[in-house]
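Only this structure's heavy atoms are used, side chains among them; waters, hydrogens and symmetry mates stay out.
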Amino acid sequence: MEIIIPFELCELEAGTYHPLVEARFDGQHVGWWVIDSGASKSVFDKSLSSHYEPDEHPVKQATGLGKDLVETASGEIHELWLDQTNLGSLTMALIDLSHINQEYARFSNRQIVGLLGSDFLIRHKAVIDFEERQMKLKLAVEE
């Protein structure tokens, strides 16, 4: 089954854009996901602990946004809602996104909850259409 998820383009500086998808939890707007095909792993802001269940895995260090090492843990979002579709659970790296949100605050009023990385985009065979401002995803059909 194919679904279409609309996205907005956020212009951070002249000529630099990030595609954003609205983040909803429990039917409420919480913030925005950045569609980031350059991120190898999807990440979620660890400060939003009411929206995920942490795994038992110890904290690790990984290369983060930029070249710096960041502490990561992992957790699971039980219901990932994009637009009107529940995509099910998603295991994500948990990191502190306060520095990202400080940067966004300079240019917009968007609160970033996480990045939908290549792991998510490949899993759902995503096609990102910038002209139509939509992302097409393929969902596995359960039999």
Side-chain angles (χ1 to χ4, degrees), residues 1-130 132-140 142:
M1 175 172 78
E2 183 176 89
I3 61 167
I4 296 176
I5 307 295
F7 65 80
E8 295 182 15
L9 283 179
C10 180
E11 186 173 20
L12 294 184
E13 295 178 12
T16 63
Y17 303 93
H18 287 175
L20 304 178
V21 174
E22 186 175 21
R24 289 188 171 272
F25 296 92
D26 301 321
Q28 302 293 317
H29 170 82
V30 174
W32 299 88
W33 293 100
V34 176
I35 301 170
D36 189 351
S37 63
S40 59
K41 176 94 175 125
S42 296
V43 300
F44 192 67
D45 190 343
K46 70 180 183 178
S47 72
L48 300 172
S49 60
S50 64
H51 302 298
Y52 66 84
E53 184 175 322
D55 286 344
E56 299 296 322
H57 303 289
V59 172
K60 302 174 189 173
Q61 287 202 337
T63 303
L65 308 169
K67 295 179 183 177
D68 298 330
L69 288 178
V70 295
E71 285 189 357
T72 67
S74 63
E76 183 175 354
I77 295 173
H78 293 291
E79 290 187 346
L80 176 65
W81 286 89
L82 297 180
D83 198 36
Q84 301 299 313
T85 304
N86 181 357
L87 298 174
S89 64
L90 181 63
T91 299
M92 309 187 87
L94 303 171
I95 65 171
D96 178 5
L97 289 180
S98 61
H99 64 291
I100 297 296
N101 279 304
Q102 288 170 0
E103 190 66 21
Y104 266 81
R106 293 178 46 211
F107 302 101
S108 78
N109 62 351
R110 304 289 198 241
Q111 178 74 24
I112 303 303
V113 301
L115 310 175
L116 296 175
S118 289
D119 58 332
F120 173 85
L121 299 171
I122 289 170
R123 177 178 164 195
H124 293 291
K125 298 175 178 61
V127 175
I128 302 167
D129 183 337
F130 283 94
E132 297 294 326
R133 294 190 183 180
Q134 62 187 18
M135 176 173 59
K136 296 176 185 175
L137 302 175
K138 292 186 180 173
L139 304 180
E142 294 183 22

- Could you check whether the rings of His18 and Tyr104 sit parallel, tilted or perpendicular, using 30° and 60° as the cut-offs? tilted
- Query: Hey, what do you get for CG (Leu9) to CZ (Arg133), rounding to the nearest 0.5 Å?
  - Reply: 4.5 Å
- Item | Ring geometry between His29 and Trp32 (parallel below 30°, tilted from 30 to 60°, perpendicular above 60°) | perpendicular
- Item | Partners meeting salt bridge (Lys or Arg N to Asp or Glu O under 4.0 Å) with Glu103 (sequence neighbours left out) | Arg106
- Task: For Lys41, enumerate each residue passing the salt bridge (Lys or Arg N to Asp or Glu O under 4.0 Å) test, keeping only those at least two apart in sequence or located in another chain.
- Result: Asp119
- Message: Just verifying a value: how many Å separate Ile128 CD1 and Ile5 CD1, rounded to the nearest 0.5 Å?
- Response: 12.0 Å
- Note on the structure: One should read off an interatomic distance between Leu97 CG and His99 NE2, to the nearest 0.5 angstrom, of 6.5 Å
- Item | Expected output: side-chain Ser74 to main-chain Met92 donor-acceptor under 3.5 Å | no
- Looking at Ser42 and Gly117, what are the two nearest heavy atoms and their distance? OG-N, 2.9 Å
- Query: Do other residues, nucleotides or ligands put more than 12 heavy atoms under 6.0 Å from the CD atom of Glu13?
  - Reply: yes
- Any chance CD of Gln28 has more than 12 other-residue heavy atoms, nucleotides or ligands included, within less than 6.0 Å? no
- Message: Can you give me the closest heavy-atom contact between His51 and Phe44, atom names plus distance?
- Response: CB-CZ, 4.0 Å
- Nearest non-hydrogen partners of Cys10 and Leu20, listed with the distance: CB-CD1, 3.5 Å
- Write down the atom of Ala23, the atom of Val113, and the distance for their closest heavy-atom approach. CB-CG2, 3.6 Å
- Query: Do the non-hydrogen side-chain atoms of Leu80 and Phe120 ever get within less than 4.5 Å of each other?
  - Reply: yes
- Is Asp83 reaching over with its side chain to a backbone N or O of Thr85, donor-acceptor style, under 3.5 angstrom? no
- Item | Residues Ser47 and Asp45: side-chain donor-acceptor under 3.5 angstrom | yes
- Message: Using 0.5 Å steps for rounding, measure from the CD atom of Gln111 to the CG atom of Leu48.
- Response: 7.0 Å
- Of all the heavy-atom pairs spanning Val21 and Pro6, show the shortest one and how long it is. CG2-O, 4.2 Å
- Item | Side chains of Glu2 and Lys138 in contact at under 4.5 Å (non-hydrogen atoms) | yes
- Message: When you compare the side chain of Leu87 with that of Ile3, does any pair of heavy atoms fall below 4.5 Å?
- Response: yes
- Taking atom CD of Glu79 and atom CG of Leu90, what is their separation to the nearest 0.5 Å? 13.0 Å
- Task: Can you see which heavy atom on Tyr52 is nearest to which on Leu94, and at what distance?
- Result: CE1-CD1, 3.2 Å
- Applying salt bridge (Lys or Arg N to Asp or Glu O under 4.0 Å), name anything that partners Glu8, two or more places apart in sequence or on another chain. Arg110
- Message: Let me confirm one number: the CE-CH2 distance from Met135 to Trp33, rounded to the nearest 0.5 Å.
- Response: 11.0 Å
